[in-house]
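This report concerns only the one structure given below.
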Amino acid sequence: MSMDVRQRFESEVEAAVRTALGEIGHPDLKFIMEASNLADIAVPCFGFSRELRMDPKSIAEDLAAKIAPSGTIASVSPLKGYLNFMIDETPLIKETLEKVIEEGEGYGSMPKNGIRVNVEHTSTNPTGPIHVGRARNPIIGDTLARALKRCGYEVQTEYYVNDVGKQVVILTWGVSNVSKDAVREEDRDKTDHKLVAYYREANRRMEEDDDVKEHIAEMLRKFEAGDEGIIGSVRETAEAMIEGLKETLSEINVKLDKYTWESDFIRDGSAKDVVEKLKTSKYSGQTDDGAWYIDLKDFGIQGKNTKFTFTRSDGTTLYTTRDLAYHIDKFKRADRAIDVLGEDQKLGSKQLCSALEIMGSKKIPEAMFYSFVSLPEGKMSTRKGVVVYLDDLIDEAVSRAMDEIKARRSDLSEADMMSIARKVGIGAVRYNIVRVHPEKQLVFRWDEALNFDGNSGPTSNMCMQGPAAC
RNA sequence: GGACGGGUGGCCUAGUCUGGAUAUGGCAGCAGCCUCCUAAGCUGCAGGUCGGGGGUUCGAAUCCCCUCCCGUUCGCCA
């Protein structure tokens with residue numbers, strides 16, 4: 001493959017500077033080339049001062065005088081100690097356009113590199129609809145996955161479903177014990193929205209009624225003892241919830257390749273294997289009650305408690321134990337694993353990595369963290385019902401886009417207008433999330449989230465589609 | 001208290017890893033631009049010295065040290 005115009009420009013600049021330095025008697029001086037908004041390539045001459053015993057400004061002037069524009073170099077000029085090179089734009093534009101036409105949608109993609117990357121994202125607890133507090137997760141994850149594909153990686157996206165533990169058991173109790181009349185009818189006809197009402201009611205009753213509390217505790221004990229009936233009904237509830245979440249995700253063009261269920265790692269015994277393996281480690285120990293832990297103080301974990309518990313005193317496994325089994329499984333299928341996680345998972349993620357290291361895993365997952373989106377009035381909570389659902393945000397975005405389209409393109413059919421409104425509205429939502437650094441705290445405001453002006457999804461869409469339309 | 005993030009014009013934000021020239025955009029504000037093509041747009045004006053203080057360097061938003069504010073976290077929860 002021959003060099004493109006840009007690469008040619010770069011090597012011509014490098015050669016020209018090298019030659020000019022030779023002409024002033026210093027052919028071996030090191031220099032850097034950088035992009036700037038004043039030049040296509042700039043070479044700062046400050047580093048030469050010491051050696052040449054001259055001020056950078058004069059050096060740049062001397063060097064510029066010795067370089068004549070040729071080939072792809074359209075001009076050379078000295079400015080305040082910099083040597084500024086401009087590229088000849090005509091061949092650059094011509095070549096770029098030719099390439100865009102030739103490669104079409106694939107333009108900008110890198111060749112396949114054969115590296116398998118697993119991107120785990122979303123993985124929200126199946127206890128309620130996705131709310132905007134966590135909406136960063138699927139959007140960042142999906143965008144990352146798409147970018148990695150463009151970079152030539154073989155990408156698989158994956159959702160880890162937490163169908164184990166207290167929260168889903170509470171939900172399951174609610175679904176089978178709370179009557180339909182006891183919950184407020186949800187207006188949205190989706191399983192996640194319907195089921196969350198039972199979750200809230202179950203939580204409320206559990207707090208008020210000790211019998212309910214005991215019943216749920218009993219279910220949890222049976223679950224952990226491996227009671228197939230309970231495990232099965234919890235799984236069923238979680239599956240129903242996931243169906244609703246999948247609909248939401250598909251609304252924002254997110255489709256995950258694989259759903260992995262936490263309970264599977266209990267059933268297939270791999271969580272137990274992790275336990276046995278960790279017990280043999282020199283870092284492991286047991287409390288008086290019989291719970292097992294590993295001490296991670298040698299692994300950069302600091303604080304008053306450096307112990308990471310991996311079994312309860314009754315020998316049952318914990319979330320993180322299962323997560324270890326899950327990551328071991330992932331690495332059988334991928335060369336790299338990237339986990340998109342809320343910032344509350346930072347310590348857990350670190351512990352996971354250390355434990356994997358102790359177990360002798362050659363591969364360690366990479367985490368990408370994001371901070372939760374909050375409301376002006378504070379944090380969102382599914383249990384308390386203080387939330388803005390992603391579904392509502394999507395609807396609102398699409399409806400606002402629809403208003404705009406109606407106002408300017410009344411010639412289109414209703415169906416066409418709707419189709420455009422969906423693309424524009426959803427693009428606005430995704431772009432609004434992905435445009436800011438993931439770890440930056442973000443407060444959700446309707447007018448900002450749905451602003452279609454300036455630095456927004458719709459504007460970038462137009463920039464992309466404008467030229468194509470021509 | 002420890003660990004880990006974030007702090008950039010009135011508001012939002014890029015740049016920080018890999019130190020360079022007048023610190024990137026947007027929103028809001030002001031002044032303009034459609035007898036034709038998407039004005040969800042464009043042009044111009046005004047506004048910041050990058051939380052604060054030291055240090056390294058010819059040069060610091062960027063590296064080092066100290067400090068303040070905000071967030072997350074430190075469960076035999078998930």
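By convention in this document, chain letters (A, B, ...) are assigned in the order of the sequence lines, proteins followed by strands, and residues within each chain are numbered from 1. Quick note: numbers below take in every heavy atom, side chains included, and nothing from hydrogens, waters or symmetry partners.
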Starting at atom [atom1] of [X], determine the distance to atom [atom2] of [N], rounded to an integer number of angstrom.
{"X": "A:Leu412", "N": "B:U38", "atom1": "CG", "atom2": "P", "value": "12 Å"}
{"X": "A:Asp411", "N": "B:C37", "atom1": "CG", "atom2": "C1'", "value": "14 Å"}
{"X": "A:Leu450", "N": "B:G26", "atom1": "CG", "atom2": "P", "value": "21 Å"}
{"X": "A:Asp453", "N": "B:C27", "atom1": "CG", "atom2": "P", "value": "6 Å"}

Per the atom types in the model, does the base of [N] pair as donor or acceptor with the side chain of [X] at under 3.5 Å?
{"X": "A:Thr287", "N": "B:C76", "value": "yes"}
{"X": "A:Asn84", "N": "B:A21", "value": "yes"}
{"X": "A:Asn451", "N": "B:C27", "value": "no"}

Closest contact, heavy atoms only, A:Asp163 versus A:Val168: C-CG2, 3.7 Å
What are the two closest non-hydrogen atoms of A:Thr124 and A:Arg134, and how far apart are they?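 Looks like CG2-CD, 3.7 Å.
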Output yes when at least one side-chain N/O atom of [X] is less than 4.0 Å from OP1 or OP2 of [N], else no.
{"X": "A:Lys350", "N": "B:U73", "result": "no"}
{"X": "A:Thr459", "N": "B:G41", "result": "yes"}
{"X": "A:Arg445", "N": "B:C27", "result": "no"}
{"X": "A:Arg312", "N": "B:A78", "result": "yes"}

Applying a 3.5 Å limit to both distances, which nucleotide forms a Watson-Crick or G-U wobble pair with [N]?
{"N": "B:G41", "value": "B:C33"}
{"N": "B:G1", "value": "B:C74"}
{"N": "B:G19", "value": "none"}
{"N": "B:U49", "value": "none"}

Would you say A:Tyr370 and A:Asn137 are linked by a side-chain donor-acceptor pair, where the criterion is simply a distance under 3.5 Å? yes
Classify the side-chain pair A:Asp273/A:Ser270 by whether it contains a donor and acceptor separated by less than 3.5 Å.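 No, because no side-chain N or O of A:Asp273 sits under 3.5 Å from a partner of the opposite role on A:Ser270.
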Quick test: give all pairs of protein nitrogen or oxygen and nucleotides 57-59 of chain B nitrogen or oxygen below 3.5 Å, distance rounded to 0.1 Å.
{"from": "B:C58", "atom 1": "OP1", "to": "A:Arg50", "atom 2": "NH2", "distance (Å)": "2.9"}

Can you check whether A:Phe85 and A:Phe9 have ring centres sitting under 6.0 Å from each other?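 No, the ring of A:Phe85 stays outside the 6.0 Å limit from the ring of A:Phe9, centre to centre.
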For the C1' atoms, the ones on B:C12 and on B:C74, what distance do you get once it is rounded to whole angstrom? 32 Å
Name the nucleic acid region contacted by [X], choosing base, sugar-phosphate or nothing; use a 4.0 angstrom heavy-atom cut-off, strictly under.
{"X": "A:Ser49", "result": "nothing"}
{"X": "A:Ala428", "result": "nothing"}
{"X": "A:Asp323", "result": "nothing"}
{"X": "A:Leu347", "result": "sugar-phosphate"}
{"X": "A:Val164", "result": "sugar-phosphate"}
{"X": "A:Ile405", "result": "base"}
{"X": "A:Glu439", "result": "sugar-phosphate"}
{"X": "A:Lys57", "result": "nothing"}

Pull out every protein N or O sitting under 3.5 Å from an N or O of nucleotides 7-10 of chain B, one pair per line with the distance.
{"from": "B:G7", "atom 1": "OP1", "to": "A:Lys440", "atom 2": "NZ", "distance (Å)": "3.0"}

Classify the angle between the aromatic ring planes of A:Trp292 and A:Phe310 as parallel (below 30°), tilted (30 to 60°) or perpendicular (above 60°).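 Correct class here is tilted.
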Classify the angle between the aromatic ring planes of A:His327 and A:Phe331 as parallel (below 30°), tilted (30 to 60°) or perpendicular (above 60°). tilted
Less than 4.0 Å between a side-chain N and a carboxylate O, is that true for [Y] and [X]?
{"X": "A:Glu61", "Y": "A:Lys57", "result": "yes"}
{"X": "A:Glu201", "Y": "A:Arg204", "result": "yes"}
{"X": "A:Arg322", "Y": "A:Glu262", "result": "yes"}

For B:C34, does the O4'-C1'-N9-C4 (purine) or O4'-C1'-N1-C2 (pyrimidine) torsion place it in syn, i.e. within 90° of 0, or in anti? syn
Determine whether A:Phe308 and A:Tyr293 satisfy the following criterion, ring pair (Phe, Tyr, Trp, His ring centres under 6.0 Å), listing intermediate values before the conclusion. CA-CA 5 Å; A:Phe308 162 57; A:Tyr293 61 84; over 10 Å; no
